[in-house]
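Take a look at the structure below.
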There are 2 protein chains.
Amino acid sequence: MVIIVVSGRKRKFDEQTALHAAMEVFWAKGFVGASLADLTKSMNINKPSMYSTFGNKEALFIKATQYYIENKMKVHLDALFTPDTPLKTRLKNYMMSIVGMQCSTEQPKGCYLVLCQSEIAGGDIPEEASKLLIDIDVLPKTLFVDLFTTDKEAISLGLHHHAQGNSLSLYTALKGCAAMARSKVSSTELAFVIDTILAGVFAGNNEQTKVGTITTNTIQ
Amino acid sequence: MVIIVVSGRKRKFDEQTALHAAMEVFWAKGFVGASLADLTKSMNINKPSMYSTFGNKEALFIKATQYYIENKMKVHLDALFTPDTPLKTRLKNYMMSIVGMQCSTEQPKGCYLVLCQSEIAGGDIPEEASKLLIDIDVLPKTLFVDLFTTDKEAISLGLHHHAQGNSLSLYTALKGCAAMARSKVSSTELAFVIDTILAGVFAGNNEQTKVGTITTNTIQ
DNA sequence: AGTTAATCATACCATTAGGTACAATATTAA
DNA sequence: TTAATATTGTACCTAATGGTATGATTAACT
């Protein structure tokens, strides 16, 4: 990191602190729902300061989103790779770490990304921001797929045969929990949901249930 | 229904058709994201017609939401009570009927209610509309609870012992699928997710997984 | 046909949206 | 102390927001 010393008035606010505040506004209201008045008020700065520091609303959103990923997503990863811990326990710890955050009263309930991703279809999210949100969406699923295909225990349990499907199931459960958390469902209740989806994955769900006359068991 | 015949110019548009169009706009953009320009353009009427017919944006939203419930939610119920069909199959048919709708290209992807409910936390949804959205949210869960507590097969399988938790699991899965569908995940892929959660429910997930040093197995 | 009453289209209102110009204010280099 | 530079606060811009007033249209009832 290069620090260039220049003369001029010093910035009164801390960029990271302001970014944290912006993140919370987008987390609660989404990109479209968050107005510049909302943002600058929470960031405790005025519009020219915001524009000179971050560019515009979209650029601020992109930085806030990256801030969320760095500070609110990656922190849970440790639980997934704890040594000498059964796979199921590691998955549960990881998922409950996320669910705990979704239900916390310290910050907006639910998931920043789930909310903003759901705004894309409305057509009011600028292209670059939209692209970022879509790109991010593959990361958690890829993480699960890697785990199911490389973890010794996963392979010995045969879970790697349905790595894609199992990963999608867990990721879908997390998104469902995000929606539930936003409606104020407690993490205690959602723990049961996590247990259930993990039971389904570990029980093996290969015996597909018939739908009408056709049977579905392929993932494309 | 009382029809009052009065003199005067006849309405050029059909109220239900207009409501259907409004529903699709709210479905795609949410309450906050949908502007009156968006709405009246899709409804193919102009603002005074909209205001004289429906009241205001909130009243239109409430009617559109009720329209959604009547025409897009209740249609799936039949699958849940098909005679001579195993419980698991009925649940799968019901859930896949919903997921199929979430993934359809005939209308906006995902779920109208999940999107709009997620906007409540932002504080920009008027009170009456917000109350409706919150009230609706208990219906699907209640539906599952009733089923698990009254269905013969459910009871014989012991599923009624975790009626609350199992219901929450299925409802959470549906909300997760809604989020997934909005990001264009196919119903074929989501069928695997539904199979997995059903496997979890029917396998019984009573054997809870330890989280750190504490064990969670209660639903409050 | 003429009266009555409801709907329609246009234009408009106040407010808020995202975004800037500009002058006042701090800060450093000289 | 002064010149140079960057940040700040205020005021403003244009476009879009939810919502209306108004007068022209159109249809039913007498």
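Every chain is numbered from 1 and lettered A, B, ... according to where its sequence line falls, protein lines coming before strand lines.
- Electrostatic pairing of A:Lys74 and A:Glu70 counts as a salt bridge here, judged by a charged N lying under 4.0 Å from a carboxylate O.
- Salt bridge annotation for A:Lys175-A:Asp137: present, with a cationic side-chain nitrogen under 4.0 angstrom from a carboxylate oxygen.
- Distances shorter than 4.0 Å separate some side-chain N or O of A:Asn46 from OP1 or OP2 on D:dG9.
- In this structure, NZ of B:Lys29 is placed 13 Å from C1' of D:dT17, rounded to the nearest angstrom.
- Here the P atom of nucleotide D:dG9 and the CE atom of A:Met43 are 14 Å apart, to the nearest Å.
- As rounded to whole Å, 15 Å separates atom P of C:dT20 from atom CD1 of A:Ile45.
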- Sequence-aligned protein contact record of nucleotides 18-25 of chain D, with B where the base is within under 4.0 Å of a protein heavy atom and S where only the sugar-phosphate is: BBBB---B
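- B:Ser169 and B:Asn166 are not linked by any side-chain donor-acceptor pair at a separation below 3.5 angstrom, with hydrogens and angles left out of the test.
- At least one side-chain nitrogen or oxygen of A:Ser49 sits closer than 4.0 Å to the OP1 or OP2 atom of D:dT8.
- For B:Asn93 (side chain) and B:Arg90 (main-chain N/O), no donor-acceptor pair under 3.5 Å exists by modelled atom type.
- Side-chain atoms of B:Ser167 come within 3.5 Å of backbone atoms of B:Val145 as a donor-acceptor pair (strictly under, hydrogens ignored).
- For A:Leu39 and C:dA17, the CG to C1' distance is 12 Å, given to the nearest whole Å.
- If you measure from atom CE of B:Met50 to atom P of C:dT7, you get 14 Å, rounded to the nearest angstrom.
- Judged by distance alone, with hydrogens and angles left aside, the side-chain atoms of B:Lys141 form no donor-acceptor pair with the main-chain N or O of B:Gln164 at under 3.5 Å.
- A distance-only check finds a donor-acceptor pair linking the side chain of A:Ser52 to the backbone of A:Pro48 [under 3.5 Å].
- For an aromatic pair to be called close, the ring centres must be under 6.0 Å apart, and B:Phe148 with B:His162 fails this.
- DNA chain D lies under 4.0 Å from at least one heavy atom of each of the following residues of residues 12-21 of chain A: A:Lys12, A:Phe13.
- The side chain of A:Lys10 places no N or O atom within less than 4.0 Å of a non-bridging phosphate oxygen (OP1 or OP2) of D:dA6.
- Taking the six-membered ring for Trp, A:Phe26 and A:Phe61 have ring centres closer than 6.0 Å.
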